[in-house]
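Input: a single structure, listed below in structure tokens.
Order of listing sets the numbers, starting from 1, for every ligand and every atom in it. Each residue takes its place number in the sequence, starting with 1.
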Amino acid sequence: MKAEDFPVILVAVALPVWETFHYTVPSDLRSKAHVGCRVLVPFGRRKATGYIIGAIPSNEERALKPIFDVLDSEPLFHESMVPFFQWMAGYYMHPLGRLIQAALPGGLNTSVFVTARLTEKGEKALRLLTAPERDLLGWVKDHPGKRVPVPMQDLYPLQKQGLVEVDHRTRKSRTGPLLRRFVRAKEGLRAELLREKDSFSAKNEKEFLEEVLSGTGLSVAALCSRFSNGAYLVKKWTRMGILEPYTATVVRDPAGNILSAEPPPERLYGQQEEVLKTIHEGLNKRAFAACLLHGVTGSGKTEVYYRAIQEAIRLGRQAILLVPEIALVIYMEGLFRSRLGDRVAVYHSGLSEGERYDQWVKTARGEADLVIGARSALFAPVPDPGLIILDEEHDTSYKQEEAPRYQARDAAVVRGKMEKALVLLGSGTPSLQSYQNACQGRYKLLSMPERVERRPLPEVEVVDMKKVPGGKAEEEMISPTLKAALDRVLEEKSQAMLFLNRRGFNRVFLCRSCGLSLRCPNCDLALTYHLRENRLVCHYCAFRREVTPTCPACGREGLKPYGFGTEKLEKALADLYPGLRTARMDRDSVRRKGETFRLLRRFILHEIDVLIGTQMITKGYDFPRVTLVGVLAADFSLGFPDFRAAERTFQVLSQVAGRAGRGEQKGRVIVQTFYPEHYAIAAAKSHDYASFFEQERDLRKQLSYPPFSYLACVRFQGNLEGRTAEVSKELSQEMVRIVEKWPKRGKEIQILGPVEAPLSKLRGKYRWQTFVKSRHSALLHHLLGQVEARGRRVLRGTGVSLAIDVDPYQML
Ligand code: ADP
Ligand code: ZN
């Protein structure tokens, strides 16, 4: 069904509205109005951008408004994406038009703005009015036809009185295909003809012409960078009728960053063969299936991905490969481009808007067989995805923390179902949720329990920091054991990575005597220190307790706040080892584009001895010369007020450990902790996923946390402290009242809070939150729908905003 066959289209406008709208298409636009194109439509008193999501098979022209314009010459997404967008919008509670806007590459959005001119009546009224109307009218007088800097509702009264004439203008975005100037030789001209001619004035002129004549067209910019007098020569030979200039679109190709380009191995290992057999069978069925590939770090998962992608391409379909970090996108891009050539597209936030637009359009046209990207590549508009892979599926960066707040892993499974694709989730430490899904038969479990060439998994030594005498700052960070290991690395001239979760709360309260962090008796979550109250609070159920130096577990006076970050560590290392080549990789140090890549390359080339980093360095890379991995404070992540704290700690430790000893040399892993007995640390030490899984699953089940329940976080943010608290209480009470009216099912929903968020103030906003928990997803969504609707009413004019986070990961 094509939109042009019908005069009525369905449009999702890029505004915070929940409905979609019908419009008619004027006859001159009909051939352009395809599903997936952006349109400019009248919306109330203004113009808005929207997306065509369907055509209505109806010939009777209803009393509908016509669209103003179609903004794209080709669709930005295929019709098959529409149900997926609709599901995302519904499940993650984000207006459809806004969701599509967020999915599309940035910079595409046409902005609509208001301009005004003074009327004669307005001119006269100017003296009679009082502020602020007079000021506004005065501004319009001075700036006729300019963008009005106030909202439309402020201007509306003046328009109604006939004092101003209002006009809506649109500014089409700058982002579009990149046009460049080229030159080529005129048709029919033979090269010999030119060479006979003796009219070369500049000495590089012959070379210049040979260059132009040998190709089928060269960009003027490229010629100018090769020949200093290029601009002159282009002009001269164009004037002489030999060359002709033309404009053409170019693809801004962000590639060229090939980190390692080893050829594919000739033989696969047995375990790779085996899982690939299942994957190939699944692909050939062309039906939906979800597989969980549990392969320890270094078991050769990347090769499995490659062969699976090859098979999907062989079947005439496309593949999407999601990885958790930009750095990994770049790494994978290099690898796959060296094997698959140019039919690879990439998406990540490090690309410019123009580059992203190009990659997007290339994909939508079906010119890419493989799309590699971070979370947002889930929306890649490949025409027929046969395979969707999520590498390191447990990684929390698959959850987007700003609206639309979606979990790319869960959404990938849904997209796969809709597109009849095979979804392959890979990890050395699968998320509890995915593993539970596999245990219950919803996902097919594929295992690769051995490292390639049976390299042993590195031995993990746990250093009990309680036994390290405190005192010197360096020693609180670097234990004698770790120090000795670093000495070895320097002697052997190998490399080390030091891992520290800097984002850990500085205010973790730990007992230096028994290693215990204080936890809530109801929820088993770490308690968070609130400075103002000077108390420890469970942010989930609001349990509070006093801060005392006496540890409730061991009775000794060992409780104290504890913490340091990567920068401090870097300094300590510089003091300990003058001349040591260190580099730091965290979100602060690699903000600039290309920085990550340069850092990684320097590390691979051994221009750096010790790489210090946050979780960014734990993921998937393959550094054969790394023989030591140190984890500085495993407790930081355990101290998070989050029911997934143990899971994350286990995953991070296992991943970090997997970085060591991937080459010929045996690796060593040293984990420093105050709490070596904790099951997450003990299981990571013995590389025992199964035992961790069982203990964690039982605990979750007991306390009814996900995956044994569905959770949502209703978050309130406002500029005024008291108001935010008040409003959050009001709406939470309303939630309780709604649920009480549901006689039977109401009991199946729990409402916890509101409680001041652990990060009680963020970017100037005060934050409160209420958690909602239920065993039934549909029931939870039913309540959230009502909360959203009432929230809009209750919150109006309060300056407090409401955000609903479905399946939240960020509990802070
Ligand atoms: P994982 O992603 O599971 O941690 P990798 O895919 O990085 O593991 O593989 C680890 C190493 O093993 C890489 O250096 C890779 O080139 C190598 N490798 C994988 N499969 C094979 C194979 N079939 N033959 C030889 N080397 C392989
Ligand atoms: Zn609690």
Side-chain angles (χ1 to χ4, degrees), residues 258-280 291-311 319 321-325 327-340 370 372 389-395 424-431 434-435 445-458 460 495 497 499 600 603-604 615-627 629 650-667 669 684 687 689:
I258 293 181
L259 266 172
S260 66
E262 287 162 36
E266 277 169 22
R267 257 190 49 252
L268 290 176
Y269 290 102
Q271 58 180 16
Q272 289 171 322
E273 296 264 14
E274 220 157 281
V275 302
L276 273 166
K277 195 163 156 275
T278 313
I279 293 170
H280 283 194
C291 301
L292 175 63
L293 174 58
H294 179 199
V296 294
T297 50
S299 58
K301 291 189 288 296
T302 316
E303 209 49 47
V304 170
Y305 301 154
Y306 173 63
R307 306 280 165 142
I309 291 164
Q310 253 186 337
E311 182 68 3
L321 170 61
L322 301 184
V323 292
E325 282 280 342
L328 269 175
V329 177
I330 296 168
Y331 179 83
M332 291 285 192
E333 184 198 359
L335 187 74
F336 282 95
R337 213 180 266 280
S338 75
R339 296 182 184 184
L340 296 172
L370 169 65
I372 305 173
I389 302 174
L390 265 94
D391 188 25
E392 317 281 357
E393 66 87 31
H394 63 276
D395 200 286
L424 179 61
L425 310 176
S427 173
T429 50
S431 63
S434 294
Y435 206 81
L445 185 63
L446 309 172
S447 324
M448 298 208 295
E450 267 165 28
R451 281 188 148 188
V452 300
E453 290 165 3
R454 313 222 162 181
R455 281 174 203 152
L457 282 162
V460 178
Q495 288 176 298
M497 294 171 94
F499 169 77
L600 288 177
F603 194 55
I604 287 173
Q615 58 183 0
M616 276 181 97
I617 65 169
T618 64
K619 298 174 187 176
Y621 313 113
D622 207 353
F623 301 119
R625 267 194 290 250
V626 170
T627 56
V629 170
F650 174 76
Q651 286 161 348
V652 165
L653 290 181
S654 309
Q655 292 286 325
V656 171
R659 293 312 106 209
R662 299 188 35 123
E664 304 303 317
Q665 286 155 303
K666 202 163 171 284
V669 179
H687 307 289
Y689 182 83

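- With hydrogens and angles disregarded, a donor-acceptor distance shorter than 3.5 Å links the side chain of H294 to the backbone of G428.
- Each of the atoms 2 (O), 5 (P), 6 (O), 7 (O) of ligand 1 lies under 4.0 Å from some heavy atom of T302.
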Walk me through whether F499 and L653 qualify under side-chain contact (heavy atoms from CB on, under 4.5 Å).
CA-CA 9 Å; F499 169 77; L653 290 181; 5.7 Å; no

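- Residues satisfying the side chain to side chain contact (heavy atoms under 4.5 Å, CB included) criterion with Q272, sequence neighbours excluded, are L268, Y269, E303, V304, M448.
- The distance between the ring centers of Y305 and F336 does not fall below 6.0 angstrom.
- Annotation for ligand 1: atoms under 4.0 Å from non-hydrogen atoms of T297 are 4 (O).
- If you look at P265 next to ligand 1, the close heavy atoms, those under 4.0 Å, all belong to the side chain.
- Contacts of E274 classified as salt bridge (charged side-chain N to carboxylate O under 4.0 Å, His left out), with partners at least two apart in sequence or in another chain: none.
- Counting the atoms of ligand 1 from 1 in the order shown, those under 4.0 Å from a heavy atom of S299 are 1 (P), 3 (O), 8 (O).
- Residue contact check: V296 has heavy atoms under 4.0 Å from atoms 3 (O) of ligand 1.
- Annotation for I604 and R625: closest pair O-NH2, 3.1 Å, computed over non-hydrogen atoms.
- Heavy-atom proximity to atom 3 (O) of ligand 1, evaluated over Q271, Q272, K301, is greatest for K301.
- Below 4.0 Å from some heavy atom of G300 lie the following atoms of ligand 1, by number and element: 1 (P), 3 (O), 5 (P), 6 (O), 8 (O), 9 (O), 19 (C).
- Not a single heavy atom of D391 sits less than 4.0 Å from an atom of ligand 1.
- Nearest-residue assignment for atom 23 (N) of ligand 1 (options E266, E303, R267, R451; heavy-atom criterion): R267.
- With no hydrogens or angles considered, no side-chain donor-acceptor pair links E393 and S427 at under 3.5 Å.
- Taking any N or O of G295, backbone or side chain, none lies under 3.5 Å from an N or O belonging to ligand 1.
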